[in-house]
Protein chains: 2
Amino acid sequence: MNLACATCPVRDRAACSVLDDSERENLARRGHHRTLEAGEVLFRAGEKVNACATLTTGALKVTSIDADGQEHILALVHPAGFIGEFFQPFDDHEIVALTQSQVCLFNGPDIESAMDEYPALARALLRRVQEDLHASRSLLALAGKSDAQAQVAGLIMGFAQAASDSPCHPAQKFELPLSRADCANMLGLTIETVSRKITALEKMGAIVRTGKRGIELVDPAQLSDLAAG
Amino acid sequence: MNLACATCPVRDRAACSVLDDSERENLARRGHHRTLEAGEVLFRAGEKVNACATLTTGALKVTSIDADGQEHILALVHPAGFIGEFFQPFDDHEIVALTQSQVCLFNGPDIESAMDEYPALARALLRRVQEDLHASRSLLALAGKSDAQAQVAGLIMGFAQAASDSPCHPAQKFELPLSRADCANMLGLTIETVSRKITALEKMGAIVRTGKRGIELVDPAQLSDLAAG
DNA sequence: CGCTGTTTTGACGCGTTTCAAGCGTTGTGG
DNA sequence: CCACAACGCTTGAAACGCGTCAAAACAGCG
């Protein structure tokens with residue numbers, strides 16, 4: 001399917017937003033859309049894919065498959081996020097759709113030539129990757145905590161920030177984008193511990209659960225305190 | 001101190017190696033050397049530094065200071081490594097020298113203008129940051145394991161790889177670059193647990209300790225198995 | 001030699017994992 | 001239409017592993 005940048009929901013946030021209309025159209029001719037169902041794999045571990053993508057709608061997860069077959073979530077990708085490693089192909093990472101998602105796919109060489117043609121694109125990608133690096137390190141700091149209560153509180157705060165429109169204030173009411181299994185996976189805990197810690201947070205009045213995945217922040221300050229502790 | 005690229009030990013590995021001699025000299029005029037003693041801080045958390053650096057000799061660590069004052073190691077920087085976030089300044093990261101080190105310092109705006117002038121530099125930095133991202137995610141996968149024995153084994157394997165000249169084979173004999181406290185910090189464990197697990201590795205015949213920091217790999221295969229499992 | 005900082009080792013308690021059961025929802029087929 | 005399986009989430013009880021506290025061995029250095 002051809003790209004329709006004019007109606008793209010992330011047209012002014014994605015990396016390609018630094019291009020003007022004609023440049024963007026030139027790039028668009030080399031890429032194409034793809035729709036992923038929930039659970040579908042975009043890039044599989046072990047494949048030597050040399051391709052990259054921008055997420056336009058939905059959500060993805062980046063996972064690594066350990067030598068013992070255990071899966072571990074390394075990052076989440078939100079709309080306007082970029083996926084792709086140019087210089088060493090995806091060898092041990094797997095990209096999986098969390099919900100139905102749409103991506104803008106490009107071949108590696110096409111993006112590389114586009115970077116040569118439009119230096120602003122290289123800088124935009126540099127910015128994106130640095131943001132990813134920052135997010136990865138934040139998650140590392142979270143997963144490294146020895147207190148499970150703090151980890152779960154921090155994860156919920158992170159999701160609240162991501163769900164919010166404004167960058168500084170967390171959303172008061174939102175849906176967890178991950179199952180308990182995926183939450184546990186991100187933090188290196190078990191499903192049961194995550195479940196217990198969430199109920200504990202509810203019992204101490206920091207949050208209220210609505211439905212299976214719904215979270216309402218009742219006392220964000222208390223949640224932050226617990227995340228620090 | 002002025003830069004002396006001609007004698008730089010990382011002149012053909014660092015990001016600036018993509019420049020030719022005249023371009024490099026032009027860039028060198030805008031930067032300067034700095035020597036750091038072990039434990040000295042390059043960029044402090046909370047400072048809004050807009051600067052970046054390439055490490056020429058020594059080793060650095062990147063740490064975050066949590067809300068509760070706990071320090072957490074996010075990454076190690078080896079020679080030819082690059083430190084710097086262009087678009088959002090170092091707000092919560094701290095860069096500390098592990099040993100006596102030398103860096104090549106630049107102001108943020110100088111590097112940004114150099115990227116405009118030399119598009120190849122932007123691509124080289126993109127490559128570096130993607131490598132950092134990969135390293136960060138590898139560490140995340142390691143820290144996320146629930147088995148302390150596997151974490152310590154994996155960490156030692158990682159150090160063995162880094163200490164080796166060849167990229168694929170680990171060094172048989174090397175010195176741990178970190179104290180027990182720093183090792184524990186990277187993995188989210190305690191000093192005592194790390195110490196115990198290392199002695200356990202020695203007792204089961206995977207490694208031999210020589211001195212305080214020295215490690216000799218006796219059975220790398222067993223070590224890999226333990227790291228997986 | 002006596003100091004300080006790092007590492008090792010021991011004993012104990014707590015927190016997380018493990019194993020197991022129960023519940024609500026969803027989807028499928030008789 | 002209902003029974004039944006499948007799935008995700010919660011909750012409980014017991015076992016193990018790591019953290020905590022404490023002390024001792026060791027090396028570096030004034």
To the nearest Å, give me how far apart [atom1] ([X]) and [atom2] ([N]) are.
{"X": "E175(B)", "N": "dT7(C)", "atom1": "CD", "atom2": "P", "answer": "12 Å"}
{"X": "Q151(B)", "N": "dG17(D)", "atom1": "CD", "atom2": "C1'", "answer": "12 Å"}
{"X": "R180(A)", "N": "dT10(D)", "atom1": "CZ", "atom2": "C1'", "answer": "9 Å"}
{"X": "Q70(A)", "N": "dT17(C)", "atom1": "CD", "atom2": "C1'", "answer": "13 Å"}
{"X": "K145(A)", "N": "dG19(D)", "atom1": "NZ", "atom2": "P", "answer": "15 Å"}
{"X": "I191(A)", "N": "dC7(D)", "atom1": "CD1", "atom2": "P", "answer": "13 Å"}
{"X": "E192(A)", "N": "dG15(C)", "atom1": "CD", "atom2": "P", "answer": "18 Å"}
{"X": "E202(B)", "N": "dT7(C)", "atom1": "CD", "atom2": "C1'", "answer": "13 Å"}

Worksheet item: Which sits closer to the 5' end of DNA chain C, R196(B) or A181(B), going by the nucleotide each is nearest to?
Response: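 The residue closer to the strand's 5' end, by nearest nucleotide, is A181(B).
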
Worksheet entry | Whichever of K212(A) and T190(A) has its nearest DNA chain C nucleotide further upstream toward 5' |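 Comparing both residues, the 5'-ward one is T190(A).
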
Worksheet item: Is a salt bridge present between E175(B) and K212(B), judged by a nitrogen-to-oxygen distance below 4.0 Å?
Response: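 Looking at E175(B) and K212(B), the cut-off is not met.
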
Discussion item. Between R209(B) and E202(B), does any side-chain N to carboxylate O distance fall below 4.0 Å?
Written reply: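 Yes, this pair counts.
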
Practice prompt. Could you tell me whether the side chain of R213(A) has a donor or acceptor atom within less than 3.5 Å of a complementary atom in the base of dG8(D)?
Written response: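 Counting by modelled atom types and ignoring angles, no donor-acceptor contact under 3.5 Å is found here.
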
Worksheet item: Do Q149(B) and dC18(D) share a donor-acceptor pair, side chain to base, under 3.5 Å?
Response: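 Check fails, no donor-acceptor contact within cut-off.
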
Worksheet entry | Spacing of F174(A) atom CZ and L217(A) atom CG [to the nearest 0.5 Å] |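 These two atoms lie 5.5 Å from each other.
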
Using a heavy-atom cut-off of under 4.0 Å over every strand shown, decide if [X] touches base, sugar-phosphate, or nothing.
{"X": "S146(A)", "answer": "nothing"}
{"X": "I198(B)", "answer": "nothing"}
{"X": "G188(B)", "answer": "sugar-phosphate"}
{"X": "S179(A)", "answer": "sugar-phosphate"}

Worksheet item: Which one, dT9(C), dG8(D), dT18(C), comes nearest to the side chain of T199(B)?
Response: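 Selected nucleotide (nearest to the side chain): dT9(C).
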
Worksheet item: Should K197(A) be listed as having a side-chain N or O under 4.0 Å from OP1 or OP2 of dT16(C)?
Response: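 Affirmative; the distance criterion is met.
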
Practice prompt. Taking all non-hydrogen atoms of both residues into account, name the closest pair between H93(A) and S64(A) and its distance.
Written response: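 Shortest heavy-atom contact: ND1-CB, 4.4 Å.
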
Fill in: Polar contact flag, side-chain donor to acceptor under 3.5 angstrom, T35(A)-Q102(A)
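Q102(A) and T35(A) do have a side-chain donor-acceptor pair below 3.5 Å.
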
